[in-house]
Structure formats: C-alpha cells, structure tokens
Asks: 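Questions regarding the structure given below will be posed in turn.
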Amino acid sequence: FDKEEATVRLFVGLMSGTIDDTLWMYVMQFRSITSIVPLANQIHFEKLLSSLYPGATVTSIDGIIQQYQSKYVQYTKKSVNEFL
C-alpha cells in the first residue's frame, strides 16, 4: 500500500461520492505541508503537530507522538503521511 495507491483510492472514493471532498482536501494539503517541512526527528514532528492542531494540549500532542512511535521507528515524510 503505497502513496500512489492511497491517492487513487481517495480519488475514486471522491468521484464515486463515498468520500467527502473535505477529506481529499485535508490529505492533499497535509501532503503539501509535509513536503516542505523538515521531519527528521521528534522535535520537528511535535512542531508540525502543534501547527496543524493549534490549541491542542501538550498531553494530546504527546499522545499522538506515542501512537506514532508505536508503529514507526524513524521520522520520515512517508511514514508521517501514512500515519496522519
């Protein structure tokens, strides 16, 4: 399951009406953001989450980071896109 397959599935769902266009917009915007933001470590990831979810508590951000770390070892743009 790679990025291209996920994009095709989203597009098909959008065109068939089974996926709301808001989800499509969110995913494409997020991919655009992660393509220009450095994501080499936990600090970068934490800054990204804080900017994506302004007003989120530190506990909420830490919870997301812990969920990420339970699935992935390194911080890469591909793994962050898959996770979020």
Asks: Which atom pair, heavy atoms only, marks the closest approach of Ile61 to Ser50?
Replies: CD1-N, 4.0 Å
Asks: Output all residues satisfying ring-ring contact (aromatic ring centres under 6.0 Å, His included) with Phe83, sequence neighbours left out; order by chain, then residue number.
Replies: Tyr68
Asks: Closest heavy-atom contact between Lys77 and Val37?
Replies: NZ-O, 3.3 Å
Asks: If every non-hydrogen atom of Glu46 is compared with every non-hydrogen atom of Ile65, which pair is closest and at what distance?
Replies: CB-CD1, 3.9 Å
Asks: Atom CG of Leu49 and atom CD of Gln42: how far apart are they, to the nearest 0.5 Å?
Replies: 10.0 Å
Asks: For His44 and Pro38, work out which heavy atoms get closest and say how close.
Replies: CB-O, 3.2 Å
Asks: Should we say atom CD of Gln69 is surrounded by more than 12 heavy atoms from elsewhere, each under 6.0 Å from it?
Replies: yes
Asks: Looking at NZ of Lys78 and CG of Leu39, how far apart are the two atoms once the value is rounded to the nearest 0.5 Å?
Replies: 15.0 Å
Asks: What about Phe45 and Val73, same hydrophobic cluster or not, with Ile/Leu/Val/Met/Phe/Trp/Tyr joined at side-chain heavy-atom distances under 4.5 Å?
Replies: no
Asks: Quick one: list whatever passes side chain to side chain donor-acceptor pair (under 3.5 Å) with Ser51, sequence neighbours left out.
Replies: none
Asks: Please answer: with hydrophobic residues joined when any side-chain heavy atoms are less than 4.5 Å apart, are Tyr72 and Ile43 in the same cluster?
Replies: no
Asks: Decide whether Thr57 and Thr59 meet the rule of one side-chain donor and one side-chain acceptor closer than 3.5 Å.
Replies: no
Asks: Give a yes or no on whether Met25 and Leu52 share a hydrophobic cluster (residues Ile, Leu, Val, Met, Phe, Trp, Tyr; joining criterion: side-chain heavy atoms under 4.5 Å apart).
Replies: no
